[in-house]
Amino acid sequence: MVRVRSLLPSLPPAERRVAQRVIDDPEGVANSTITELAQTCGTSETTVIRFCRAIGFHGYPELRLTLATEAGRAQSAAGGRIIGSDISPDDSLEQIVEKVTFADARAVEETASQLDIKMLEQVVDAVVAADRVDVYGVGASAFVAADFQQKLHRIGRICSAWSDAHIMLTSAAVLGGTSVAIGISHTGATVETIDAMAVARSRGATTVAITNFPKSPIAEVADLILTTAARETTFRSGATASRLAQLTVVDCVFVGVAQRTYGPTRKALEATFEAVRGRTVRPDRRRR
């Protein structure tokens, strides 16, 4: 299901209808013949087979078996309750809490399970070797970019986070071959982020994309791609699960860099902790 959702925007129209059917009713597809699925989607059996191959399966039987297995695991993990569905106007606050926390937890778990470790290692290598790291993100992704900048800055890495379109472009224009530019975009289609990444790449910088869709436009200007696996539903504008998935990837990169530079990192963390230690309220000043 993670693979289907991530490839959905890049599929041809007919295959996209099959993919959407799989996303909307995975159990129904698991119980359907290839002929029934093709008729439901208004397409041919050949298209269904092409779709199966596009997401990495040899044929339809393998897809049906995988969907049935995933559905069983999801139901078991939820204790038999159906909480992976969208939020409806009639849901109680208790149901909302269940659905939100389930979606957030699944986003983190699925992001971790599909994260390309070899690609992650290349990103860590690039950041460790970089003289400068610039991070680009707009909207909710800008908060993730700022979080990453704060983490790297605290361990002594030269890093800036930008969300203004003009500043993103001007920062990218002065990067060089020893710099790294990281673009964060859930859809992978944010124009401002893509443009900044393109400029950074033209200047010789190593470009890294963090996105939910590996074949989205941002991939065309990225040397390295790290993917998330978040499924946003009713309140997509709130960028809930996608933000947590992005933060998971950012944390993995940060910890990888910190581990690789363990000695300097420990010293930097101790120095920064000491610098702000006096900014907390002492126990004797707290209200009783």
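Here the CD-CD distance, from E45 to E36, works out to 10.5 Å after rounding to the nearest 0.5 Å. The distance from the OG1 atom of T101 to the CD1 atom of I96 is 11.5 Å, given to the nearest 0.5 Å. With rounding to the nearest 0.5 Å, the separation of CE in M119 from CG in L224 is 5.5 Å. To the nearest 0.5 angstrom, L152 atom CG is 11.5 Å from I158 atom CD1. To the nearest 0.5 angstrom, S32 atom OG is 7.0 Å from R64 atom CZ. For the atom pair R243 CZ and T248 OG1, the distance stands at 10.5 Å (nearest 0.5 Å).
T211 approaches S216 most closely through the heavy-atom pair OG1-OG, 3.7 Å. A pairwise comparison of heavy atoms in V180 and A126 identifies CG2-O, 3.5 Å as the closest pair. A pairwise comparison of heavy atoms in L175 and R203 identifies O-CB, 3.3 Å as the closest pair. Shown here for H186 and S141, the closest heavy-atom pair between the two residues is N-OG, 4.1 Å. Residues T193 and G183 approach most closely at CG2-CA, 3.7 Å, considering heavy atoms. The two residues A222 and T207 come nearest to each other via the heavy atoms CA-OG1, 3.3 Å.
Counting Ile, Leu, Val, Met, Phe, Trp and Tyr side chains that sit under 4.5 Å apart, directly or through other members, L7 shares a hydrophobic cluster with M1, V4, L8, L11, V18, V22, I23, V29, I34, L37, V48, I49, F51, I55, F57, Y60, L63, L67. Cluster note: V276 groups with no other residue, as no ILVMFWY side-chain heavy atom lies under 4.5 Å from it.
Residues V124 and L115 fall within the same hydrophobic cluster, defined by Ile, Leu, Val, Met, Phe, Trp and Tyr side chains chained together at heavy-atom separations under 4.5 Å. Transitive grouping of hydrophobic side chains (ILVMFWY, heavy atoms separated by less than 4.5 Å) brings V128 and V135 into a common cluster. Residues V249 and Y136 do not share a hydrophobic cluster, defined by chaining ILVMFWY side chains whose heavy atoms lie under 4.5 Å apart. The cluster map of Ile, Leu, Val, Met, Phe, Trp and Tyr, joined by side-chain heavy atoms under 4.5 Å apart, puts L244 and V2 in different clusters. Cluster annotation: L269 is not connected to Y262 through the hydrophobic network of ILVMFWY side chains, with a link wherever side-chain heavy atoms come within less than 4.5 Å.
Remark: E121 does not engage K118 in a salt bridge, criterion side-chain N to carboxylate O under 4.0 Å. Electrostatic pairing of K267 and E270 does not count as a salt bridge here, judged by no charged N lying under 4.0 Å from a carboxylate O.
For R157, there are no salt bridge (charged side-chain N to carboxylate O under 4.0 Å, His left out) partners two or more places apart in sequence or in a different chain. R279 meets the side-chain hydrogen bond (donor to acceptor under 3.5 Å, both in side chains) test with no other residue; sequence neighbours excluded. Looking at residues two or more places apart in sequence or on another chain, you find a salt bridge (charged side-chain N to carboxylate O under 4.0 Å, His left out) between R132 and D134.
The main-chain N or O of V144 is never found under 3.5 Å from a side-chain atom of Q246 such that the two would form a donor-acceptor pair. Counting only distance, with no hydrogens or angles, the side chain of T111 and the backbone of A229 share a donor-acceptor pair below 3.5 Å. Side-chain atoms of R17 come within 3.5 Å of backbone N or O of G42 as a donor-acceptor pair.
T66 and T69 are not linked by any side-chain donor-acceptor pair at a separation below 3.5 angstrom, with hydrogens and angles left out of the test. If you check the side chains of Q114 and T227, you find a donor sitting under 3.5 Å from an acceptor. Side-chain contact check for N212 and T228: at least one donor-acceptor pair (N or O, by modelled atom type) lies under 3.5 Å. Judged by distance alone, the side chains of R3 and S6 never bring a donor and an acceptor atom under 3.5 Å apart. In the model, Q20 has a side-chain atom that pairs as donor or acceptor with a side-chain atom of D24 under 3.5 Å.
Contact annotation: the side chain of R5 approaches that of E110 to within less than 4.5 Å [non-hydrogen atoms, C-beta and beyond]. Looking only at side-chain heavy atoms (C-beta outward), T170 and H166 stay at 4.5 Å or farther from each other.
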Could you walk me through whether S163 and F143 pass the side chain to side chain contact (heavy atoms under 4.5 Å, CB included) test, one step at a time? CA-CA 9 Å; S163 59; F143 296 108; over 6 Å; no
Residues E62, R53; criterion salt bridge (Lys or Arg N to Asp or Glu O under 4.0 Å); working and verdict: CA-CA 10 Å; E62 189 178 358; R53 291 174 178 169; over 6 Å; no
Check the pair F273 / R277 against side chain to side chain contact (heavy atoms under 4.5 Å, CB included), numbers first and verdict last. CA-CA 6 Å; F273 173 77; R277 187 171 61 172; 3.8 Å; yes
Side chain to side chain contact (heavy atoms under 4.5 Å, CB included), that's the test. Do D223 and V208 meet it? Break it down for me. CA-CA 6 Å; D223 299 309; V208 180; over 6 Å; no
Enumerate donor-acceptor pairs with a distance under 3.5 Å from any side-chain N or O in residues 252-260 to protein atoms, sequence neighbours excluded.
from, atom 1, to, atom 2, distance (Å)
R260, NH1, D125, OD1, 2.4
R260, NH2, D125, OD1, 3.3

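The local environment of NZ in K151 is crowded, with over 12 non-hydrogen atoms from other residues, nucleotides or ligands closer than 6.0 Å.
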